[in-house]
Structure formats: structure tokens, C-alpha cells
Amino acid sequence: MINKLKKCLGNNIAVLVFFIFIAVCGIFLAFGTPSEDGSITLDGNNARIEQSTLDFIEDSQDALARLMNQDAPTDEQTIAENDEDATGQGFYVTIDDILSRRLTPGASPYQCSRYTAYLATGKSVYSTKNIDYGPVNGKDVASYLVKNYGFKYIDKPIKGAIGSGGFNTTYGHTVLYLYSTGTNTAMVEDANYTPLAVSTHNMDISGWVWVVPGNYEPKTEPAPQPATSSTSQSATSSAINIAPSYDCRTINVKAGDTMGSIMQRCRGRVQYGETMNSYARLWSSTKIKPGQSVYDGWHSSTGVGLYAGDVIRFEGK
């Protein structure tokens with residue numbers, strides 16, 4: 001009963017003081033007389049404040065301060081969550097910052113939540129009562145970083161991402177992601193796979209969530225550029241003309257075709273000399289000179305290796 005009375009008084013003392021003050025001021029304004037020093041007293045004489053009254057006022061102020069302090073946040077997690085200086089810091093952290101804070105395997109009496117929160121924020125102590133612990137349970141570290149440090153969720157983890165899992169357990173778990181080892185497995189780093197020691201190991205990450213700094217953007221791969229041709233305009237035109245049947249196994253030869261244009265189209269480059277000779281030996285006529293290679297055609301009495309209207313076949317692999 002006494003505790004309830006104290007609590008009720010503490011919750012309403014400001015209101016009581018306000019109304020008492022209003023009542024006293026009303027009495028003095030209604031019945032008081034201005035004195036020489038400007039104060040208003042009931043008898044018109046200068047106001048005198050006894051030492052006992054001054055002591056009472058001082059004691060009352062101290063009591064009020066103590067009562068108000070009872071409602072001040074004392075939980076360190078609550079203080080951290082409302083730390084304006086901490087909010088949004090994730091936008092100034094990089095993946096490289098996170099990875100640079102990694103500790104040597106076997107080091108540190110950290111629990112998983114304290115270790116990964118330290119990697120993400122650089123803050124090593126979250127509670128003076130539980131030095132080896134952290135700001136929250138392992139399953140809540142990802143959401144804690146999003147709420148208080150400006151991190152963001154990412155669909156597919158990358159090296160340096162912080163993950164939380166074990167949502168169906170009491171405390172869950174949290175790790176630093178290193179690389180994939182399978183469909184739902186990954187190499188990770190945490191601080192209590194071997195109790196309270198930093199270690200790297202493979203584990204199942206099914207159902208986990210992952211967060212990265214708020215300013216992280218995935219690297220985009222450059223768009224592939226089309227291969228440039230070093231052949232003449234006539235060779236390019238020739239390649240375009242025979243494109244419908246250009247499967248690099250059987251080609252319908254058109255007027256103006258050259259072995260250079262065929263090599264460019266099928267191999268992406270042109271090489272002359274013995275390389276060109278060897279390549280020409282792999283193409284044989286099937287219509288005008290059945291069985292004769294393009295190379296042999298160059299050295300025949302007619303000196304023609306490619307015949308317009310011929311169908312040549314690639315005999316190589």
C-alpha cells in the first residue's frame with residue numbers, strides 16, 4: 001500500500017505542486033498588500049523567509065529530483081536505442097569497415113550478438129552488467145542494426161553481411177557471412193560456435209535474414225561489347241549476306257566470300273599464314289568439287305578455293 005501511495009504521489013506531484021501554487025497565489029492576490037520591496041504580503045510588511053523554509057524548499061527540490069529520476073531510463077539497451085548520435089551511422093559504415101574489424105580466431109570472450117554488433121558498429125561494449133553479451137539476442141541483431149544504425153536488408157548475402165537466424169529459439173544466433181558453400185549453407189564467422197571464442201566454420205543458413213550498411217550498392221557488371229571486326233568492308237558485307245545459313249558447319253558460298261570473312265565470323269578473329277592454311281584444309285566442297293578442301297582449291301590448276309554457289313562443310317571439331 002505504501003509503495004502504491006509513493007508511486008501515485010510521484011506520478012502526480014507536479015500536478016499537486018501546480019495547484020497548490022495557484023491557490024497560494026490566488027490568496028495573496030485577493031487578500032495581500034504590496035510591501036516596500038515589491039512583494040505581496042498579508043500584513044503589508046516586507047516578506048521574510050525563515051531558514052527552515054529555505055531548508056524545506058531545498059529538501060523538496062532534492063526529493064522531486066529523486067522522484068523524477070525514478071522514471072529515467074536506466075536500461076542500457078533503451079539508452080542505446082534512443083541515442084541520436086548512433087542513429088543512421090550505418091550509412092557511414094562500409095563493408096570494408098566491417099571486415100577490417102574481424103578478430104583473430106580464438107580471440108575475445110564475446111557472445112555472438114556482441115561480436116557481430118561490434119563488427120557492424122565498432123561499439124565493443126553494450127552492457128556493463130553483461131560485458132560478453134551485446135545489445136540484443138542473436139536473432140534480433142539484424143533488426144537492431146536496421147532500426148538504430150541505418151542498415152538495410154539484402155535478399156542475397158555478400159561477404160561482410162551480418163545475419164540473424166534461429167527465430168524459433170529463445171536467443172537465436174548471429175554471424176558474419178563470408179561465402180557460400182551450397183544452396184543453404186555458408187562459411188561464416190561468429191563468437192560462440194566454440195563457446196565465447198571467434199571461429200570460422202560452415203553452417204546451415206536456411207531462413208536467415210541479412211543486412212548491410214545503408215549506403216551499400218551492389219556492383220554492376222559492365223555490359224558486354226560486340227566484337228569489332230578488323231576485316232575490310234567487303235568481308236563484313238559478305239558475312240552479312242550469308243548470315244541466314246552461317247552456322248559454321250555448312251555454308252552456302254556467295255560471290256565475294258573469302259576465307260578471311262568465314263574465319264572472322266566463326267572464330268571471331270582472322271589469322272593469316274599457316275594458321276589460315278590449316279583452317280582452310282578443314283572446309284571441303286560438297287557440291288562443285290566434292291571432297292576438295294578450300295586449301296586444295298587454292299593450289300589447283302584453276303586457283304579457286306571458294307566457288308560461288310558451292311556448299312562447303314566444316315570437317316573439323
Side-chain angles (χ1 to χ4, degrees), residues 77 86 88-127 130-225 268 317:
Q77 176 184 335
Q89 284 187 3
F91 284 95
Y92 305 100
V93 175
T94 67
I95 292 295
D96 290 338
D97 291 334
I98 293 174
L99 294 173
S100 70
R101 297 187 184 114
R102 294 173 63 188
L103 300 179
T104 304
S108 163
Y110 285 8
Q111 284 279 6
C112 62
S113 57
R114 180 189 175 195
Y115 182 55
T116 50
Y118 157 72
L119 293 175
T121 67
K123 185 177 180 181
S124 60
V125 177
Y126 292 85
S127 172
N130 301 288
I131 298 298
D132 69 328
Y133 185 53
V136 289
N137 292 338
K139 64 183 178 181
D140 298 320
V141 167
S143 59
Y144 171 83
L145 293 175
V146 170
K147 177 182 177 183
N148 298 295
Y149 284 88
F151 277 62
K152 65 182 179 181
Y153 290 101
I154 188 172
D155 293 333
K156 185 177 180 180
I158 61 165
K159 183 176 182 179
I162 302 296
S164 285
F167 298 105
N168 60 336
T169 64
T170 302
Y171 303 109
H173 192 49
T174 180
V175 300
L176 171 73
Y177 181 91
L178 297 177
Y179 58 86
S180 173
T181 58
T183 304
N184 291 309
T185 58
M187 189 64 65
V188 301
E189 183 172 293
D190 59 19
N192 65 352
Y193 181 73
T194 300
L196 303 186
V198 174
S199 64
T200 301
H201 58 94
N202 189 53
M203 66 173 286
D204 189 330
I205 56 171
S206 302
W208 281 56
V209 296
W210 303 93
V211 295
V212 293
N215 61 2
Y216 168 78
E217 293 296 339
K219 296 179 180 179
T220 57
E221 295 294 333
Q225 299 297 321
K317 294 181 180 179

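Residue numbers run from 1 in the order of the sequence given. Values below: all heavy atoms of this structure, side chains included; hydrogens, waters and symmetry mates excluded.
- Tyr153 pairs in a side-chain contact (heavy atoms from CB on, under 4.5 Å) with only one of the listed residues (Val211, Leu145, Val212), which is Val211.
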Verdict with reasoning, Tyr144 to Thr121, per side-chain hydrogen bond (donor to acceptor under 3.5 Å, both in side chains): CA-CA 11 Å; Tyr144 171 83; Thr121 67; over 6 Å; no
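- When all heavy atoms of Tyr177 and Ala186 are compared, the pair lying nearest together is CE1-CB, 3.4 Å.
- Within the 3.5 Å criterion, the main-chain N or O of Asp204 finds no donor-acceptor partner in the side chain of Thr185.
- Note that OG1 of Thr174 is 8.0 Å distant from CH2 of Trp210, once rounded to the nearest 0.5 Å.
- Taking the side chain as every heavy atom from C-beta outward, Ser143 and Val209 never approach each other to under 4.5 Å.
- Of all heavy-atom pairs spanning Leu178 and Lys159, the tightest one is O-CB, 3.4 Å.
- The structure places CZ of Arg102 at 5.5 Å from OG1 of Thr200, a figure rounded to the nearest 0.5 Å.
- Counting only N and O atoms by type, the side chains of Asp97 and Thr94 include a donor and acceptor under 3.5 Å apart.
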Under the side chain to side chain contact (heavy atoms under 4.5 Å, CB included) rule, what do Val198 and Glu189 come out as? Steps first, then yes or no, please. CA-CA 7 Å; Val198 174; Glu189 183 172 293; 3.9 Å; yes
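- Residue Ile205 holds its CD1 atom at 12.5 Å from OG of Ser164, rounded to the nearest 0.5 Å.
- Taking the six-membered ring where the residue is Trp, Tyr110 and Tyr118 present perpendicular rings, their angle passing 60° and hence far from 30°.
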Test salt bridge (charged side-chain N to carboxylate O under 4.0 Å, His left out) applied to Glu217 and Lys152, step by step: CA-CA 11 Å; Glu217 293 296 339; Lys152 65 182 179 181; 3.5 Å; yes
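- Here the side chains of Val93 and Tyr149 are not in contact, with every heavy-atom distance at 4.5 Å or above.
- Note that the CE atom of Met187 and the CE atom of Met203 stand 11.5 Å from one another [nearest 0.5 Å].
- One finds the CG atom of Asn168 at 8.5 Å from the NZ atom of Lys139 (value rounded to the nearest 0.5 Å).
- Remark: Asn137 CG to Thr169 OG1 distance equals 8.5 Å, nearest 0.5 Å.
- Across Pro213 and Ile95, no two heavy atoms sit closer than the pair CD-CD1, 3.7 Å.
- Judged by distance alone, the side chain of Thr116 and the main-chain N or O of Val175 form no donor-acceptor pair under 3.5 Å.
- The backbone N or O of Leu103 sits less than 3.5 Å from a side-chain atom of Tyr115, completing a donor-acceptor pair.
- Formation of a donor-acceptor pair under 3.5 Å by the Ser113 side chain with backbone atoms of Val136 is found in this model.
- Within the 4.5 Å cutoff, the side chain of Ile131 has heavy atoms near those of the Val125 side chain.
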